[in-house]
Every structure is written in C-alpha cells, then in structure tokens.
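Before any comments, here is the structure.
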Amino acid sequence: MLTEPRSGRLAAWGNALLAGLVSPDEAVLAIVGEDAVHRVEGLPGEPAPVGLTLALGRLRALGATALRVALPAPGHPLGLSGPPEFNARALEAEEAVVCHGAAFGLVPEVHEAGPAGDVHVEVVWHVLPVREAPPADVPSLGEAERELAEALRDATEVLSKLDVAGSGPVAEAAIDAYRARAERGREVLAPGYPPRAVRVLELAQRVGLLVSLAYENGHGGAVSASEMAARGAALRPVERTARRALVAAYDSVVEERERGR
C-alpha cells in the first residue's frame, strides 16, 4: 500500500478530466505514471484496444460522469456491486475502476518484461459490464477519517506488543520511501479533490505502511504459532480499514456530487 494503485490514478485523473479540470494529455500522463503504456480493451464499438484518451472520451459519451475505485480482497468485495464475472476479475487483480453513470467497469491486466531495474510495464484495462448498484462497504470520507485515527492507534499498539515495530534496513527503506512520496507535494490526488480526501489518503497510506512493515519484518517477538495468529488477527481489520479509507478518498468526488444534489 506504499504505492498508489493504478485504479486510484485512473479514477482520480479520470475524474479531473471528466470535470474539465485537466487536459487529456495531463490526465493520461498522470495515469500512466512510470508504466510504458496503458490501453483499454472491450469498449463498445471498438474491435481492438485503444488508448486512454479515446477510451475516456468514449466512456463519457456512454454516460460516465465519474469514476469509482474498488480494492477487493478475499472475503471483502470492497467497492464492487457485481455481476459475479466482474467481481471475480477485480478480485484477481485486487483492484478495479467502476464508472458512475454508465454500467461499465475496468480491470487492469499488468504485463512486465525485462531485468530488475529496467522493467517494461504495459497495462491493459478490460472493460466489462457492471451492475448499477451501491458499491460494497465504502464508507463516507468522514467515517473513513474517524476509523483511520482509531486504526492507527491499534496498529501502533499491536506492533509494540508483538515486538514488530519498524526497525532494520528494510523498514528504514520503506519509511524513507513513504517520506519521499509525502515530500513530493500533494500529488497523491488530482485537481478537484477536497483537502480532506488528500488527508485521508495520506493517513491510509501511513496505516498501510505500518501493516506492511509488520508482515515484511519477519516474526519479531511473535515466536509462537499462537502469537503469530494473534498478530494476523489484530492486523487484518487494520489493513481492511486502510483499504476502505483509500476507496473513500478516491470516491469522495462522487460523494460530494451526490450530496450536493
């Protein structure tokens, strides 16, 4: 959870484009990021994959007014509304984008090639029909912020009790990466998002960092099977809260529009 999910970039900058706040070139550049190329496959009326600029324009013509994010995990269909085929594809990818105003969703398929340090990444977004219904388990931005504050305290307490607080070169590198991202300015969301959404997204990433450190730093003081099970049981709801907050932050533009009706 240290890096911004591709679905988050597509939704955030796609929303900025749909709102007329950025140009198509700006949006595509931000969505692609460090990847080599993104294409969209399965658009109605398009027999072959197309570029992001054409795809976003076509989705708008089909009725899409905004984009939502889904970050599902086994047993937790976060942000999904069906049908089963789309849910299964999204769960396999662990992320998806769902159009608001049009019954379509996009699931990324990532292709990597090349040696370490020089990896060439291509992404194909598969367009699939979705059910027009409220997304599963997505909190409001306010709810997410309150839950995150509690989750951060819980995560810190769990790591302290189980002696798996961030330490060592791996943990230090992860913390440095998080700080470097924060210092790049508030680029984690696109124009048009409220400051509260930026704050919630950054806090969710911080909570996600703590959970990642707990899982990646070995067993720490949790030397027995029961202690390791206790750590997993304690951290899973914290990780779930962080994912829910990420989705709430990316979806906040849609939330604001619906509240303003």
Side-chain angles (χ1 to χ4, degrees), residues 4-33 35-72 78-90 92-93 95-111 121-136 138 189-194 197 246-261:
E4 192 173 14
R6 290 181 173 88
S7 57
R9 292 204 307 266
L10 176 57
W13 288 90
N15 283 332
L17 177 62
L18 291 172
L21 300 175
V22 297
S23 70
D25 288 345
E26 287 177 298
V28 170
L29 186 64
I31 293 167
V32 173
D35 298 334
V37 65
H38 284 216
R39 298 195 181 280
V40 181
E41 183 177 85
L43 271 172
E46 295 294 339
V50 301
L52 280 173
T53 301
L54 175 59
L56 290 169
R58 179 63 55 82
L59 289 172
R60 173 165 28 199
L62 290 169
T65 57
L67 303 174
R68 294 182 180 270
V69 170
L71 296 177
L78 176 62
L80 300 177
S81 58
E85 179 186 357
F86 179 76
N87 287 4
R89 292 284 293 269
E92 182 180 0
E95 61 176 314
V97 171
V98 179
C99 296
H100 182 69
F104 298 102
L106 299 91
V107 179
E109 181 180 358
V110 181
H111 303 274
V121 179
E122 295 187 3
V123 179
V124 177
W125 293 90
H126 296 276
V127 178
L128 299 166
V130 298
R131 183 179 297 133
E132 294 187 274
V138 178
L189 281 175
Y193 277 85
L246 285 176
V247 174
Y250 289 122
D251 290 3
S252 60
V253 168
V254 181
E255 180 190 342
E256 283 203 334
R257 290 180 187 176
E258 291 180 338
R259 190 171 56 239
R261 285 180 179 176

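The figures that follow rest on heavy atoms only: side chains count, while hydrogens, waters and symmetry mates do not.
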For [X] and [Y], work out which heavy atoms get closest and say how close.
X	Y	answer
A197	A249	O-CB, 3.6 Å
R68	V254	NH2-CG1, 3.2 Å
A27	V22	CB-CG2, 4.0 Å
D251	L67	OD1-O, 4.5 Å
G79	P135	O-CB, 3.5 Å
V247	L78	CG2-CD2, 3.7 Å

Does the [X] side chain pair with the main chain of [Y], one donor and one acceptor, at a distance under 3.5 Å?
X	Y	answer
D35	E122	no
N87	L80	no
R58	P44	yes
E95	R6	yes
R39	V124	no
S81	R131	yes

_Using the rule given for side chain to side chain contact (heavy atoms under 4.5 Å, CB included), can you reason through L106 versus L59, listing the C-alpha separation, both sets of side-chain angles and the distance that settles it, and then say yes or no?_
CA-CA 11 Å; L106 299 91; L59 289 172; 4.1 Å; yes

_Going by side-chain contact (heavy atoms from CB on, under 4.5 Å), S7 matches just one of L246, V98, V97. Which one?_
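Among L246, V98, V97, the one meeting side-chain contact (heavy atoms from CB on, under 4.5 Å) with S7 is V97.
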
I'd like to check [X] versus [Y] (side-chain heavy atoms, cut-off strictly below 4.5 Å). Are they in contact?
X	Y	value
V107	W125	no
V127	E46	no
L54	L43	no
V28	V32	yes

*Please lay out, stage by stage, how V123 and E109 fare under the test side chain to side chain contact (heavy atoms under 4.5 Å, CB included).*
CA-CA 6 Å; V123 179; E109 181 180 358; over 6 Å; no

Atom pair [atom1] ([X]) and [atom2] ([Y]), whose distance is rounded to the nearest 0.5 Å:
X	Y	atom1	atom2	value
L17	R60	CG	CZ	5.5 Å
I31	W13	CD1	CH2	9.0 Å
E255	Y250	CD	OH	16.0 Å

*Using side chain to side chain donor-acceptor pair (under 3.5 Å) as the criterion, list what pairs up with S23, not counting sequence neighbours.*
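If we apply the side chain to side chain donor-acceptor pair (under 3.5 Å) test to S23, skipping adjacent residues, the hits are E26.
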
*Decide yes or no on side chain to side chain donor-acceptor pair (under 3.5 Å) for Y193 and N15, but give the supporting numbers first.*
CA-CA 9 Å; Y193 277 85; N15 283 332; 3.0 Å; yes

_For the CD atom on E85, are there more than 12 heavy atoms of other groups (residues, nucleotides or ligands in this structure) within a distance under 6.0 Å?_
no

*After noting the C-alpha distance and the side-chain angles of T65 and L18, does the key distance pass the side chain to side chain contact (heavy atoms under 4.5 Å, CB included) rule?*
CA-CA 7 Å; T65 57; L18 291 172; over 6 Å; no

*Between V130 and C99, does a side chain to side chain contact (heavy atoms under 4.5 Å, CB included) hold up when you go through it step by step?*
CA-CA 9 Å; V130 298; C99 296; over 6 Å; no

*What do the steps show when you test E41 against H126 for side chain to side chain donor-acceptor pair (under 3.5 Å), and what is the final call?*
CA-CA 5 Å; E41 183 177 85; H126 296 276; 3.2 Å; yes

